[in-house]
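We count ligands from 1, going down the list as the structure has it; atoms in each ligand are counted the same way.
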Amino acid sequence: MAREEETKVKLLGLWVSPFVRRVEWALKLKGVSYDYIEEDILNKSPLLLELNPVHKTVPVMVHDGKVICESFVLLEYIDETWKHHPLLPHDPYDRAIARFWACFVEEKILENAWIAMCSEGEEKEKATKIAIDAVERIEELLKGKQFFGGDDIGYLDLAVGWVSHWLPVWDEVGSTKILDPLRFPSTTSWATNFLGHPLIRDNLPPKDKMLDYFHQKKGRIMASRARV
Ligand SMILES: N[C@@H](CCC(=O)N[C@@H](CS)C(=O)NCC(=O)O)C(=O)O
């Protein structure tokens, strides 16, 4: 890979975002250097609004002047652009299956764990159940495996990686137990393997800062709901 090419990547991010972090992990696994620009999500910069006028969210990556948004799209773009250390499996069927589970975890676990953290009563119970049922599926997939794809980190590990570090924090903030180590030993041991990988270990937001951030975020969400 040309050194020149490496320096042409810019990433707009937010330190605590699981979506941004999965993209950073992919860039780091590929050995692509990039300029990181921290975004203030409560006061979005003109640059973010210009680069991602559709969703106005991070991550946004600029490569060679081309703008790419959405973390899953970015994982695939990175994998196709820097071909060494492939993230997605080679076989088309295996690729389809990896994408299927990435979407499943995003829709069923991430969205519902977030709702469970930021709600009460029936809504919380319902979201918690959907998320736990989904972790059960992941538990089956991970039985006897170190990582989703075998013995090295790949696309699905990066896509689902937030489960290892963010989900325990959300469980703590929301007083839920979605990632229960007794109920889900294979997922818990995958999380330990994932977090133990040197590249991941050194690229995680600090837990105490995350706890503060999500406690505050939850407080703001609950307060705004109470006003409605
Ligand atoms: N589906 C998007 C989600 C990105 C996203 O929601 N990012 C959050 C940061 S964690 C954001 O920018 N939020 C700003 C907003 O929603 O206004 C992805 O995978 O990239």
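On a distance-only criterion, Lys44 and ligand 1 share at least one N/O pair closer than 3.5 Å. Polar contact with ligand 1: absent for Thr57 (N/O pair, distance under 3.5 Å).
Counting only N and O atoms by type, the side chains of Glu24 and Tyr36 include no donor and acceptor under 3.5 Å apart. Of the N and O atoms on the side chains of Tyr77 and His63, at least one donor lies less than 3.5 Å from an acceptor on the other residue. Defined by atom type and a distance below 3.5 Å, a donor-acceptor pair is missing between the side-chain atoms of Asp157 and Trp25.
For atom 1 (N) of ligand 1, the closest non-hydrogen atom on the protein side is Glu70 OE1, 2.8 Å. The nearest protein atom to atom 8 (C) of ligand 1, hydrogens excluded, is given as Val58 O, 3.9 Å; this is a heavy-atom distance. Taking atom 6 (O) of ligand 1 as the reference point, the nearest protein heavy-atom neighbour is Phe19 CE1, 3.7 Å. Shortest contact from atom 10 (S) of ligand 1 to any protein heavy atom: Ser17 OG, 3.2 Å. Of the protein's non-hydrogen atoms, Ser71 N, 2.9 Å is the one closest to atom 20 (O) of ligand 1. Protein heavy atom closest to atom 14 (C) of ligand 1, with residue, atom name and distance, is Ile41 CG1, 3.4 Å.
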* **Pair Phe214-Trp170, ring-ring contact (aromatic ring centres under 6.0 Å, His included): steps then yes or no** => CA-CA 7 Å; Phe214 287 117; Trp170 294 1; 5.8 Å; yes
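Contacts of His55 with ligand 1, taken as heavy-atom pairs under 4.0 Å, are absent altogether.
Aromatic ring centres of Trp190 and Phe148 lie closer together than 6.0 Å.
Atom CZ of Arg220 is surrounded by more than 12 heavy atoms from other residues, nucleotides or ligands within 6.0 Å.
Judged by the shortest distance from any of its heavy atoms, Glu39 lies outside the 4.0 Å radius around the atoms of ligand 1.
Side-chain atoms of Asn52 come within 3.5 Å of backbone atoms of Thr57 as a donor-acceptor pair (strictly under, hydrogens ignored).
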